[in-house]
Amino acid sequence: MAPPTKDRDLPYHLIHTHLLPRLPYKTLNRFKCVSKSFNSLITADAQFAADQVRSAHASSGCFVYMSNCRLSFFPYPAFVGVPDPSLGFLNPSSTVKLVTSTNGLLLLCGKFNGEKSICVCNPATREAAFVSNNGREKSYRSEMGLVYDPQQSPHRFIIVELLLHNYGYGLQYRFDVFLSDTSEWNRSRQTVYIDGSIVAASKPVCANGVIYWSCSKCLMWYDTEADLAGSITLPVIEGKVVEGQTHTGVYDGDVVYCRTWDDGIEVWRLTGGSRWDRLHGASWDSMIGAFDFCHGMRLRGKSQSEMFFKRWSPQPVGFDGRFVYFKVVNLKCRDKRERVFGWDCDKGRVEDK
């Protein structure tokens with residue numbers, strides 16, 4: 001099938017710039033078999049990838065990670081519009097680390113062309129910006145967050161790095177902010193004190209210009225536009241904060257919080273910046289049968305959930321609106337290889353990924 005012309009239904013440029021970039025990834029992936037031109041457009045056209053990132057309706061449904069200095073994508077390895085997953089155009093060293101990503105933009109740290117630096121990169125368009133240290137010895141740790149909104153300003157980004165200090169019986173945080181339009185680091189006037197915290201904030205995510213960091217029992221946040229900061233208590237059950245494995249991410253513009261604990265798995269959404277709404281939840285008893293390694297567990301008066309959680313460690317790694325993805329590690333075995341599963345929140349079933 002050739003690209004549409006004026007004698008057919010729609011001009012080719014409308015399909016290229018207005019229709020296809022707005023499709024979710026799963027739908028878009030089906031169009032690769034229409035023709036060679038469509039396949040090339042969807043899988044190897046950097047400009048198309050840029051249009052897709054800037055589309056307010058695009059939904060890739062993928063998670064990005066880095067292994068052996070090469071980008072990989074889960075659960076759809078053949079991701080749209082990343083012509084060079086090895087990032088060879090940056091000439092990275094083997095120690096380059098993916099710190100975080102926001103709306104298709106990556107924040108990397110390590111050595112590039114032999115120089116230690118921070119790099120903000122769009123792998124679809126192969127555009128990159130290297131950020132100076134501003135004369136300071138920066139640690140390049142995982143606490144750096146990235147703000148990027150291609151709808152408002154496709155060429156502007158903000159980096160926020162935490163400064164941690166022990167203070168009394170807790171931790172005090174300050175914020176160093178880098179603006180791409182001025183190419184300067186500045187210190188915010190805001191400070192946040194987390195009482196009784198022994199776990200440093202980590203795993204930053206960004207939603208609507210606000211960066212959130214995971215702390216032990218709360219989310220710390222910093223609003224880059226308003227220069228305001230604070231913290232939000234994590235969801236509670238029956239008045240108590242439940243211990244377990246957690247993951248904080250972003251879906252459809254909102255912060256989502258996934259938790260696995262001894263009673264099951266659940267998903268929460270942050271509404272209005274202050275209220276947690278429970279979206280999904282299920283007990284391990286309802287999904288034990290999906291784990292083929294659970295056969296032969298002897299209950300001995302205990303529930304399947306209790307036995308499962310003592311033998312296996314399920315840890316959430318992401319949520320795409322339909323599936324909660326979690327990895328499972330055997331606590332009783334020396335072999336610590338992980339298996340990844342997806343819990344379908346709509347159908348209530350577990351799939352081996």
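Worth saying up front: this structure is predicted, and the values here are computed from it rather than measured.
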Could you pull out the closest heavy-atom pair between F319 and C345, with the gap in Å? CE1-SG, 3.9 Å
Testing the basics here: between C119 and A128, what is the closest heavy-atom pair and its distance to 0.1 Å? SG-CB, 4.0 Å
For residues L234 and L219, determine if any side-chain heavy atom of one lies less than 4.5 Å from a side-chain heavy atom of the other. yes
State, with a plain yes or no, whether a side-chain heavy atom of L162 is found less than 4.5 Å away from one of Y222. no
Distance check, rounded to the nearest 0.5 Å: S86 atom OG versus R70 atom CZ? 5.5 Å
Please determine whether side-chain contact (heavy atoms from CB on, under 4.5 Å) holds for the pair F157 and T102, giving the CA-CA distance in whole Å, both sets of side-chain angles, and the decisive distance to 0.1 Å. CA-CA 10 Å; F157 63 86; T102 302; over 6 Å; no
To the nearest 0.5 angstrom, please state how far the CE atom of M144 sits from the CG atom of L107. 5.0 Å
CG-NE2 distance between D346 and H280, expressed to the nearest 0.5 angstrom: 6.0 Å
Side-chain (Y193) to main-chain (G170) donor-acceptor, under 3.5 angstrom: yes
Check the pair L90 / C121 against side-chain contact (heavy atoms from CB on, under 4.5 Å), numbers first and verdict last. CA-CA 9 Å; L90 296 176; C121 164; 4.0 Å; yes
Indicate yes or no: at least one non-hydrogen side-chain atom of P314 is less than 4.5 angstrom from one of F341. no
Does W284 use its side chain to pair, donor to acceptor, with the backbone of W261 at less than 3.5 Å? yes
Any heavy-atom pair between the side chains of W268 and R259 that's under 4.5 Å? yes
Evaluate the criterion side-chain contact (heavy atoms from CB on, under 4.5 Å) for residue pair E184 and L179; output intermediate values, then yes/no. CA-CA 6 Å; E184 294 181 350; L179 304 178; over 6 Å; no
Near-ring test Y212/W221, centroid separation under 6.0 angstrom: no
Mind checking the NZ-OG1 spacing from K203 to T100? Nearest 0.5 Å is all I need. 12.0 Å
How long is the span from the OH atom in Y325 to the SG atom in C258, to the nearest 0.5 Å? 11.5 Å
Contacts of F130 that satisfy ring-ring contact (aromatic ring centres under 6.0 Å, His included) - sequence neighbours left out: F112
Validation row: D227, R189 side chains within 4.5 angstrom (heavy atoms): yes
Of the non-hydrogen atoms in G145 and W213, which two are nearest, and what is the gap between them? N-CZ2, 4.5 Å
I need the D176 CG to N186 CG distance, nearest 0.5 Å. 8.5 Å
Validation row: W276, T233 side chains within 4.5 angstrom (heavy atoms): no
For R174 and S188, which heavy atoms make the closest approach, and how far apart are they? NH2-O, 3.3 Å
Is there side-chain contact between Q245 and F326, with heavy atoms separated by less than 4.5 Å? no
Applying side-chain contact (heavy atoms from CB on, under 4.5 Å) to D254 and T271, what does each step give before you reach the verdict? CA-CA 7 Å; D254 293 323; T271 304; over 6 Å; no
Flag side-chain contact, heavy atom, 4.5 Å: V96 against L87: no
To check you understand the geometry: which heavy-atom pair defines the closest contact between N103 and D149, and what is its length? ND2-CA, 4.2 Å
Heavy-atom closest pair (V250 atom, V256 atom, distance to 0.1 Å) is N-CG2, 4.1 Å
